[in-house]
Amino acid sequence: MRIFDIHTHPIWHQGGKTPAEERRIIAHCRDLGITRVNMLGDVSRHGFCQDEDQIREINSDSIALAARHPDFYTFFCYLNPTLGERAVMREVERCVAAGARGIKLEKANCAADPVMRHVAKAARTFGLVVLQHSWSMDTHDGASGMQSDPEHTALFARRNPDVNIIMAHLIGCGYRGLLAVKDLPNVWVDTSGGYPEAQIIEYAVEHLGAERVLFGSDLPIRECSVKIGAIRGANLSAAAQQKIFYDNAARLVGVA
Ligand SMILES: [Zn+2]
């Protein structure tokens with residue numbers, strides 16, 4: 001069964017950049033059967049509300065790594081929407097020219113904020129999927145950056161039904177988060193975040209359908225093998241697992 005990891009940070013706090021570390025991460029993934037990896041960037045470098053130069057620096061790292069391993073890595077363009085429309089459009093255009101397949105949002109602002117209209121415009125203009133960091137306000141400590149509760153991500157999706165959105169962190173969003181996006185066909189959920197929880201993957205498939213669940217590990221913050229085991233151990237058909245492990249993500253970002 002092929003595996004495509006949609007949610008990773010191979011460069012994290014500037015680790016993973018030496019040639020030896022770069023090789024080790026790729027070998028580790030391949031040993032686990034992961035044949036494609038999507039990078040979201042070193043998104044907490046320089047805090048959570050980076051300036052334009054810092055955003056460019058983070059994305060340039062992803063661009064360079066993807067260029068060295070084009071058959072293995074895809075990447076999303078990381079953005080700080082609070083920098084405004086011109087900065088957002090400029091950076092997305094630069095990243096798309098270098099092969100970006102989507103947009104990544106972390107904690108510079110909340111997904112319910114008005115600045116998200118710049119992100120929607122960029123996604124529409126360039127035909128990109130948007131991956132939004134999301135975590136339930138019930139369980140998050142709130143200590144770092146601006147949080148997006150699943151309800152905030154759902155609001156962004158409801159305002160922009162023509163934009164495809166990945167709500168990150170199944171475990172962090174929880175059962176309530178799944179119900180928040182259940183009736184929004186433009187929202188997918190990735191499996192990253194936290195320890196595995198019994199029954200929640202089955203619950204996601206029951207309410208969203210296997211077509212809207214994506215394998216994501218959050219490497220290197222979390223260990224890929226744990227998340228692979230959680231999906232393999234879930235009570236799902238082989239066909240549903242194949243969709244979650246590879247097919248849905250491949251279709252969403254446009255790779256074979
Ligand atoms: Zn992440």
Side-chain angles (χ1 to χ4, degrees), residues 1-46 56-78 95 98-104 106 129 131 133 166 168-172 188-197 201 213-234 236 238-256:
M1 209 175 267
R2 294 194 296 173
I3 301 177
F4 184 170
D5 192 338
I6 196 74
H7 188 139
T8 75
H9 309 271
I11 298 169
W12 188 244
H13 294 295
Q14 290 298 284
K17 289 182 84 171
T18 68
E21 289 168 333
E22 193 175 310
R23 279 194 304 273
R24 185 184 56 75
I25 291 169
I26 294 171
H28 177 67
C29 290
R30 289 204 163 122
D31 281 350
L32 295 169
I34 300 170
T35 54
R36 270 200 182 276
V37 167
N38 187 55
M39 283 182 270
L40 303 179
D42 195 357
V43 298
S44 62
R45 188 169 191 216
H46 310 297
R56 285 174 64 91
E57 186 185 328
I58 291 164
N59 286 328
S60 292
D61 277 349
S62 297
I63 290 168
L65 186 50
R68 286 195 292 277
H69 307 278
D71 298 329
F72 186 75
Y73 281 127
T74 54
F75 71 99
F76 283 6
C77 166
Y78 172 59
C95 288
R101 308 271 179 158
I103 291 168
K104 158 67 175 169
E106 185 73 8
V129 59
L131 189 147
H133 165 91
I166 300 169
H169 307 311
L170 169 63
I171 306 298
W188 284 251
V189 64
D190 83 39
T191 61
S192 69
Y195 284 111
E197 239 178 67
I201 294 172
V213 181
L214 309 170
F215 171 71
S217 69
D218 227 343
L219 169 90
I221 306 162
R222 313 279 180 183
E223 167 50 49
C224 303
S225 57
V226 172
K227 204 57 79 174
I228 292 171
I231 296 167
R232 290 229 169 100
L236 298 171
Q241 292 199 9
Q242 186 59 77
K243 287 177 188 171
I244 294 168
F245 272 134
Y246 195 96
D247 299 352
N248 298 335
R251 191 172 309 119
L252 206 51
V253 305
V255 301

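Remember, predicted model here, so these are calculated numbers, not experimental data. Worth knowing before you read on, the calculation uses all heavy atoms, side chains too, and leaves out hydrogens, waters and symmetry mates.
Minimum heavy-atom separation, H13 to D42: N-OD1, 2.8 Å. K17 and E22 get closest at one heavy-atom pair: O-OE1, 4.3 Å. Across every non-hydrogen atom of P10 and L65, the tightest pair is CB-CD2, 4.0 Å. Nearest heavy-atom pair, L32 versus C224, reported as atom, atom and distance to 0.1 Å: CD1-CB, 3.7 Å. For the pair K104 and Y78, the tightest heavy-atom approach, listed with the atom from each and the gap, is O-CD1, 3.4 Å. For the residue pair F72 and C29, the shortest heavy atom distance occurs at CZ-CB, 3.7 Å.
Looking at heavy atoms from C-beta onward, F245 lies in side-chain contact with R232 at the 4.5 angstrom threshold. By the 4.5 Å heavy-atom criterion applied to side chains, F76 and R101 are counted as neighbours. Residues I171 and Y195 fail the side-chain proximity criterion, which asks for heavy atoms closer than 4.5 Å. At a threshold of 4.5 Å between non-hydrogen side-chain atoms, the residues V253 and F4 count as touching. In this structure, the side chains of H28 and E223 come closer than 4.5 Å at one or more pairs of heavy atoms. For the pair I244 and L236, the minimum side-chain heavy-atom distance is below 4.5 Å. Annotation: side chain of F215 is in contact with side chain of K227 (closest heavy-atom distance under 4.5 Å). Looking at H169 and D218, their side chains come closer than 4.5 Å, going by heavy atoms from C-beta outward.
Here D247 contributes atom CG and L214 contributes atom CG; the two are 11.0 Å apart, rounded to the nearest 0.5 Å. Note that CD1 of I166 is 14.5 Å distant from NE2 of H133, once rounded to the nearest 0.5 Å. The CG atom of L40 sits 5.5 Å away from atom CG of L131, with the distance rounded to the nearest 0.5 Å. Once rounded to the nearest 0.5 Å, the distance linking CG of L219 with OG of S192 reads 11.5 Å. Going from atom CD1 of I26 over to atom CD of E21 covers 12.0 Å, rounded to the nearest 0.5 Å. Once rounded to the nearest 0.5 Å, the distance linking CD of E197 with OG1 of T191 reads 13.0 Å.
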- [ ] Determine, stepwise, if the pair S62 / I11 fulfils side chain to side chain contact (heavy atoms under 4.5 Å, CB included).
- [x] CA-CA 8 Å; S62 297; I11 298 169; 5.9 Å; no
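Legend: side chain to side chain donor-acceptor pair (under 3.5 Å) pairs involving residues 30-39, not counting sequence neighbours, sorted by first then second residue: N38-T74.
Judged purely by atom type and a 3.5 angstrom limit, Q241 uses its side chain to pair as donor or acceptor with the backbone of I231. Using modelled atom types, no side-chain atom of D5 and backbone atom of V37 make a donor-acceptor pair closer than 3.5 Å.
Ring orientation note: the planes of H9 and W12 are tilted relative to one another, at an angle of 30° to 60°.
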